[in-house]
Amino acid sequence: MARPAPSPLYTLRGAGSPLNTLHFGCCEGDPPLLFSGSGQGSVHVWNLTTRRAERVLEGHSGASVTWLNTLHSRDTLISQGRDMRVCLWDLAEGRGDVTDALWTGSVGFCRCSLLETGPGRWLLAHAGEAMEEVKIIELPSKSPVCSLIPQAKLGMVMCIKLWQPDSSPGPLLLAGYEDGSLALWDVSQRSVLSRAAAHPEPVMCLDFDPAGQRGVSGSSEKSLASWMLDGQHRLQLQEPVALVNPGISQLCIRGDRKIVASAGWDHRVRVFGWKKLRPLAVLQHHTDMVLSLAFSDHQDPRNRMLAAGSKDQRISLWSIYNQGSSDTG
């Protein structure tokens with residue numbers, strides 16, 4: 001029997017514009033934080049103990065903030081804005097300063113992807129000046145690594161995911177394009193290993209499970225695309241997952257690989273078991289499109305939360321499927 005739909009633990013208000021991106025910063029012994037990026041260019045730092053914004057950061061000249069992450073600790077924030085800049089922030093000891101910035105040249109909505117390659121070293125993938133281009137740089141040096149431009153006409157790059165597989169000496173990158181296709185890139189060789197026509201419409205979002213070699217992507221249609229990589233790094237499309245209503249803004253696989261959540265244009269968050277993509281729950285709270293999702297990085301799984309940001313300018317916090325995994329097929 002299906003469980004009754006849960007209610008949010010609480011709601012954060014006061015962002016003042018749509019919530020495009022969310023990122024948790026949970027440290028043992030300190031109040032958990034949630035960073036949110038808004039359509040008016042602000043980054044709010046929410047203290048989840050007091051449930052209030054500790055501070056508001058302004059670094060993108062009022063341009064929409066589309067992606068957030070942290071480097072090695074929550075004292076170093078990285079943000080991407082539609083002012084075509086990626087900013088590094090020093091948040092230690094109450095500071096809120098932009099310490100460095102990178103000009104991307106990209107006018108699209110493609111979110112960056114970050115990969116830690118060693119102590120204090122990362123790769124950052126971002127959309128480039130050419131609409132189909134993905135650029136990869138090293139951080140903190142900002143040294144260019146490569147530019148990935150497909151030979152085929154796939155249109156604008158819409159979403160990307162960078163990761164380091166155990167079976168490969170260098171990183172791989174998944175990219176979703178305007179023509180609905182997915183491409184798997186070998187970053188070291190600057191070459192496409194595989195391509196698949198996953199959607200009839202532009203790929204709006206994707207997430208990938210490196211341990212299981214499986215992924216999921218969404219677009220404006222009434223289904224999710226499910227796919228996997230075989231032993232030769234070839235993309236293999238699986239049975240699609242039907243949706244009640246069209247349109248997905250973001251997909252997020254929880255770190256324990258038990259559930260995946262979708263942010264819907266129909267104002268709802270849907271939760272699926274990751275193993276079989278079986279629908280588990282529909283979270284109804286928002287009054288406009290859900291634009292962003294994030295799972296918390298609490299060390300204690302019982303404290304894990306799901307955050308959802310909406311065009312209605314609110315963030316909802318949920319506790320779902322934290323007690324065991326037998327019911328998340």
Is D100 salt-bridged to K142, cutoff N-O under 4.0 Å?
yes

Original post:
Considering only heavy atoms from C-beta outward, does the side chain of W89 approach that of F35 to under 4.5 Å?
Top reply: no

Output for pair (L243 CG, E221 CD), nearest 0.5 Å, gives 8.5 Å

Donor-acceptor contact present, side-chain R121 to main-chain L139, <3.5 Å: no

R190 and W185 have their tightest heavy-atom pair at O-CZ3, 3.7 Å

Here the pair of heavy atoms bringing R82 nearest to F109 is NH1-CZ, 3.1 Å

inquiry  = For a 4.5 angstrom cut-off between non-hydrogen side-chain atoms, does L88 reach V98?
reply    = no

Q. Heavy-atom distance under 4.5 Å between the side chains of K135 and T104, does that happen here?
A. no

(Q) With a 4.5 Å cut-off on side-chain heavy atoms, are L280 and Y321 touching? (A) yes

Let me check something: do L9 and L48 share a hydrophobic cluster, defined by ILVMFWY side-chain heavy atoms less than 4.5 Å apart, either directly or through other members? yes

| query | In terms of side-chain heavy atoms, does T11 have a donor or acceptor partner in H285 at a distance below 3.5 Å? | reply | yes

Checklist entry - Does the pair R214/D209 count as a salt bridge with the N-to-O cut at 4.0 Å? => result no

Correct closest heavy-atom pair for W163 and P210 would be CD1-CB, 3.5 Å

Side-chain contact test, heavy atoms from C-beta onward, threshold under 4.5 Å: evaluate it for V187 versus L162 and give yes or no. yes

* Any chance you could lay out the side chain to side chain contact (heavy atoms under 4.5 Å, CB included) test for L102 and I137, step after step, and finish with the verdict? => CA-CA 10 Å; L102 165 75; I137 64 166; 3.3 Å; yes

Residues N245 and K222: closest non-hydrogen pair is C-CG, 3.9 Å

For this session: Evaluate whether atom CZ of R52 has more than 12 neighbouring non-hydrogen atoms of other residues, nucleotides or ligands under 6.0 angstrom away.
Result: no

Closest non-hydrogen contact found for V134 with A125 is CG1-CB, 4.3 Å

- Task: Determine whether the side chains of N47 and R55 contain a donor N or O and an acceptor N or O closer than 3.5 Å.
- Result: no

Is a donor on one side and an acceptor on the other found under 3.5 Å between the side chain of H298 and the backbone of N303?
yes

Distance-only donor-acceptor check, side chains S217 and H199, under 3.5 Å: yes

Quiz item: Do S79 and W67 meet the criterion of a side-chain donor-acceptor pair at a distance under 3.5 Å?
Solution: no

Separation between CG (L114) and CG (L123), nearest 0.5 Å, reads 8.5 Å

Between S38 (side chain) and S42 (backbone), is there a donor-acceptor pair under 3.5 Å? yes

Measuring only between side-chain heavy atoms, which start at C-beta, is E54 closer than 4.5 Å to L33?
yes

### Task
Apply the test side chain to side chain contact (heavy atoms under 4.5 Å, CB included) to residues V244 and D266: give CA-CA distance (whole Å), side-chain angles for both, the deciding distance (0.1 Å), then the verdict.
CA-CA 9 Å; V244 176; D266 63 355; 5.5 Å; no

| query | Are P246 and S220 side-chain neighbours, meaning at least one heavy-atom pair lies under 4.5 Å? | reply | no

Discussion item. Test side-chain hydrogen bond (donor to acceptor under 3.5 Å, both in side chains) on S292 and Q250; report intermediate values, then the result.
Written reply: CA-CA 6 Å; S292 54; Q250 190 174 2; 5.0 Å; no

Pair M158, M204 - check side chain to side chain contact (heavy atoms under 4.5 Å, CB included), show working. CA-CA 6 Å; M158 305 294 291; M204 303 301 296; 4.2 Å; yes

Answer yes or no: is there a donor N or O on one side and an acceptor on the other, between the side chain of R234 and the main chain of G231, under 3.5 Å? no

Value for CD1 (I248) from OG (S223), rounded to nearest 0.5 Å, stands at 9.5 Å

Note to self: For the aromatic rings, using the six-membered ring if either is Trp, is the centroid distance between H72 and W122 under 6.0 Å?
What the structure shows: yes

Discussion item. Side-chain heavy atoms nearer than 4.5 Å, only ILVMFWY residues, links allowed to pass through others: does that put V203 and L237 together?
Written reply: yes

| Is there a path of hydrophobic side-chain contacts, each under 4.5 Å between heavy atoms of I, L, V, M, F, W or Y residues, that connects L115 with L173? | yes

Between the side chains of S64 and N20, does any donor sit under 3.5 Å from an acceptor? yes

query = Are R304 and F295 in a cation-pi contact, defined as NZ or CZ under 6.0 Å from the six-membered ring centre and within 45° of the axis?
reply = no

Give a yes or no on whether the backbone of L68 and the side-chain of R111 come within a donor-acceptor separation of less than 3.5 Å. no

Kindly determine whether K161 and D207 satisfy side chain to side chain contact (heavy atoms under 4.5 Å, CB included), including the steps that lead there. CA-CA 7 Å; K161 177 82 172 186; D207 203 0; 3.2 Å; yes

So, S316 and H286: side-chain donor and acceptor under 3.5 Å apart, yes or no?
yes

Checklist line | Side-chain (R85) to main-chain (G59) donor-acceptor, under 3.5 angstrom | finding: yes

Check this for me: does any side-chain nitrogen of one of D256 and K258 sit under 4.0 Å from a carboxylate oxygen of the other?
no

Tell me if a side-chain donor or acceptor on Q80 pairs with a main-chain N or O of C110 at a distance below 3.5 Å. yes

Scanning both residues in full, the closest heavy-atom pair of A261 with L306 reads CB-CD2, 4.2 Å

Flag for D179-S181: side-chain donor and acceptor within less than 3.5 Å = yes

Exercise for the section: Indicate yes or no for a side-chain donor-acceptor contact from S310 to the backbone of D288 under 3.5 Å, with no hydrogens or angles considered. Expected result: yes

- Task: Determine whether L148 and I136 make a side-chain contact, defined as any pair of heavy atoms from C-beta on separated by less than 4.5 Å.
- Result: yes

Rounding to 0.5 Å, atoms CZ (R51) and CG (L317) come to a distance of 8.0 Å

One should read off an interatomic distance between T70 OG1 and I78 CD1, to the nearest 0.5 angstrom, of 9.5 Å

**Q.** Side-chain donor/acceptor of S36 to backbone N/O of L22, under 3.5 Å
**A.** no

Item to complete: State whether a side-chain donor-acceptor pair under 3.5 Å links W265 with S249.
Response: yes

Requested in this report: Using modelled atom types only, decide if a donor and an acceptor are shared between the side chain of D186 and the backbone of S191 within a distance under 3.5 Å.
Outcome: no

Could you state whether L154 and V157 fall into the same hydrophobic cluster, counting links through intermediate Ile, Leu, Val, Met, Phe, Trp or Tyr residues with side-chain heavy atoms under 4.5 angstrom apart? yes

- prompt: Cluster question for you: counting only ILVMFWY and a side-chain heavy-atom cut-off of under 4.5 Å, with indirect links fine, are L12 and L57 together?
  reply: no

Rounded to the nearest 0.5 angstrom, the OG-NE2 distance for S17 and H44 is 7.5 Å

